[in-house]
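Sequence lines set the chain letters: A, B, ... in the order given, protein chains first and strands last, and positions in each chain run from 1. Note that these values count all heavy atoms, side chains included, but never hydrogens, waters or copies made by symmetry.
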2 protein chains.
Amino acid sequence: MSKCEQCIAKQLNSLNSMTTEELKKVSACKTTRYYKKGDVIFDEGETLHGVFCVRSGVAKLTKLSANGKDQTVKLLGKGELLGQRSVISDERTNLSAVALNDIELCFVPKNEIVTPLHENQNFSFDVLQSLAKDLRPAEHDLINMAQKSVKQRMAETLIYIQHVFGVDSSGALNVILSREDYASIVGTATESAIRILSQFKKEKLIATSGKHITITDLEGLKRVE
Amino acid sequence: MSKCEQCIAKQLNSLNSMTTEELKKVSACKTTRYYKKGDVIFDEGETLHGVFCVRSGVAKLTKLSANGKDQTVKLLGKGELLGQRSVISDERTNLSAVALNDIELCFVPKNEIVTPLHENQNFSFDVLQSLAKDLRPAEHDLINMAQKSVKQRMAETLIYIQHVFGVDSSGALNVILSREDYASIVGTATESAIRILSQFKKEKLIATSGKHITITDLEGLKRVE
DNA sequence: CAGAAAACATGATAAAAATCATATTAAATT
DNA sequence: AATTTAATATGATTTTTATCATGTTTTCTG
């Protein structure tokens, strides 16, 4: 089995501040789990017994709102941690996690995280900083949602995905989402998401081929109102 | 000068996990500051040299969005900390803080917070937990903004304010906000906020007298669509 | 207290977005 | 490969919300 000490994913998150000793323990305890596209990793309201670290693939965090629609709160890629907050705050999960494509996760039991949090000042402070930093995009998203048009939010979503998850060899966004997924991120009706993407295509801001989307005019997308 | 060790506000936040020793130091360093309604406590992008603890009064955290409108992200009352995140993450402030009424704040220099964070495991873990818990309402607000109508958001805002800040002897909300403030919280045009509050009044969900608002039908407000 | 300024109110209209309806296309299943 | 199912697309319509306009009331200020 692969070792956490050498894992690339680890360098992207606060596990990097663990001591070699601690990492070895994590390595010994962790299990690797595979999920297929659409699989539920955990559900809202579950009690988690550990955190998940994304080794490959992309997951989404969603919440079912009162009107029955799913709202996607965040996309998570390589190195990002799932369930960290629930484990730290000792609360049930607030959101569901679903695999957006085939995904490989390392599951680290709660204890291997919580014990070092109490013992290793560096680790603890690092996690503290990362949580503090997590709040900024949360606020940013709230403001976007409140102040920007659906069209603008869609444009920003496309730009965000390209920025964070990159493009494949053909230049298309590396993350493949359905129109419904886009609607769920942007917070709009599926038909509206479809319409806006069609419009962006007509305006030559993007090129689409099925679910594959390529940003062809980044500056144009940034100017969308 | 009043002592932090006995301060009631402290019991509401993570400063409560400091040792008596640490609290005495904080007490010795802290300064009390008074702001009048409308005063800016700090601006977006400032570097903070400490955190503020609300002793009395209410403040709002806002951000100026690209379209020139202010979005209120959070209201803060007694015991809540301002600037905690910026100090922990060592980043500039993301939001501005403005006094909504006359307010009394204790200013605690950065060092008195950061040093204990590195030395006192209990304190550090407590702050960690409180940050983890802070993310939940942030997500909740995002989903509300995305999935609920302006009318629903207004109804929830009124209920929230009553729940968190309570009512005065006449039963009116304890926090006095302008219609523009409400618009900024709900994320809508000021005219829309005015219109909705008028409608709520017509429907006997609330009673208003100038800026004083009384919830007269809580259940009705909860049913608003 | 008078005058100015800000906040509140409300109508009319325009714009944005949701909903409903119905094709069409793509993907999955047998 | 044929059939079913799901996803995408687009038109028509309604609802929601923003914007513009204008008047009234309240609050502030000299």
Please report, to 0.1 Å, the donor-acceptor pairs under 3.5 Å made by any side chain of residues 72-79 of chain A, with sequence neighbours excluded.
from, atom 1, to, atom 2, distance (Å)
A:Thr72, OG1, A:Ser184, OG, 2.5
A:Lys74, NZ, A:Glu80, OE1, 3.3

Contacts of [X] that satisfy side-chain hydrogen bond (donor to acceptor under 3.5 Å, both in side chains) - sequence neighbours left out:
X        : result
A:Gln162 : none
A:Arg195 : none
B:Asp168 : B:Ser170

Whole angstrom value for the distance that separates [atom2] of [N] from [atom1] of [X]:
X        : N      : atom1 : atom2 : value
B:Lys151 : D:dA18 : NZ    : P     : 12 Å
A:Lys201 : D:dT10 : NZ    : P     : 9 Å
A:Leu197 : D:dA7  : CG    : P     : 16 Å
A:Asp181 : D:dA6  : CG    : P     : 16 Å
B:Tyr182 : D:dT17 : OH    : C1'   : 21 Å
B:Ile194 : D:dA21 : CD1   : C1'   : 14 Å

With sequence neighbours left out, what residues match A:Glu91 under salt bridge (Lys or Arg N to Asp or Glu O under 4.0 Å)?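 For A:Glu91, the residues satisfying salt bridge (Lys or Arg N to Asp or Glu O under 4.0 Å) (neighbours in sequence not counted) are B:Arg136.
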
With sequence neighbours left out, what residues match B:Tyr34 under side chain to side chain contact (heavy atoms under 4.5 Å, CB included)?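 Checked B:Tyr34 against side chain to side chain contact (heavy atoms under 4.5 Å, CB included); matches are B:Thr32, B:Glu104.
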
Kindly write out the residues that satisfy side chain to side chain contact (heavy atoms under 4.5 Å, CB included) with A:Val26, not counting sequence neighbours, or none if the list is empty.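 If we apply the side chain to side chain contact (heavy atoms under 4.5 Å, CB included) test to A:Val26, skipping adjacent residues, the hits are A:Cys4, A:Met18, A:Val108, A:Glu112.
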
Could you pull out every donor-acceptor pair under 3.5 Å between side chains of residues 44-51 of chain B and any protein atom, sequence neighbours left out?
from, atom 1, to, atom 2, distance (Å)
B:Glu44, OE2, B:Leu64, N, 2.9
B:Glu46, OE2, B:Asp43, N, 3.0

Mind checking B:Lys69 for me? I need base, sugar-phosphate or nothing, with any heavy atom below 4.0 Å counting as a touch.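 Since only primed, P, OP1 and OP2 atoms lie under 4.0 Å of B:Lys69, the category is sugar-phosphate.
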
Identify whether any heavy atom of A:Thr188 sits under 4.0 Å from a base atom; if not, whether one sits that close to sugar-phosphate; answer base, sugar-phosphate or nothing.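 Sugar-phosphate, no base atom in range.
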
Compare side-chain N and O positions of A:Lys211 against OP1 and OP2 of D:dT8 and report whether any pair is under 4.0 Å apart.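 Yes.
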
Go through it in stages, so that I can follow the logic: the residues are A:Ser89 and B:Lys133, the test is side chain to side chain donor-acceptor pair (under 3.5 Å), and I'd like the CA-CA distance, side-chain angles, deciding distance and then a yes or no. CA-CA 6 Å; A:Ser89 64; B:Lys133 283 181 184 165; over 6 Å; no

Boundaries of the chain A footprint along DNA chain C (any atom under 4.0 Å from a heavy atom):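 It runs C:dA17 to C:dC20.
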
Could you go through the side chain to side chain donor-acceptor pair (under 3.5 Å) check for A:Glu203 and A:Gln199 one step at a time? CA-CA 6 Å; A:Glu203 294 169 352; A:Gln199 196 194 330; 2.9 Å; yes

Pairs flagged by ring-ring contact (aromatic ring centres under 6.0 Å, His included) wherever residues 84-105 of chain B is involved - sequence neighbours left out: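 Found none.
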
Between N or O atoms, less than 3.5 Å apart, protein on one side and nucleotides 11-13 of chain D on the other: list the pairs.
from, atom 1, to, atom 2, distance (Å)
D:dG11, N7, A:Arg195, NH1, 3.1
D:dG11, O6, A:Arg195, NH2, 2.9

Terminal helix-axis angle for the helix from C:dC1-D:dG30 to C:dT30-D:dA1, with five pairs defining each axis and rounding to 10 degrees: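 Roughly 50°, once rounded to the nearest ten degrees.
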
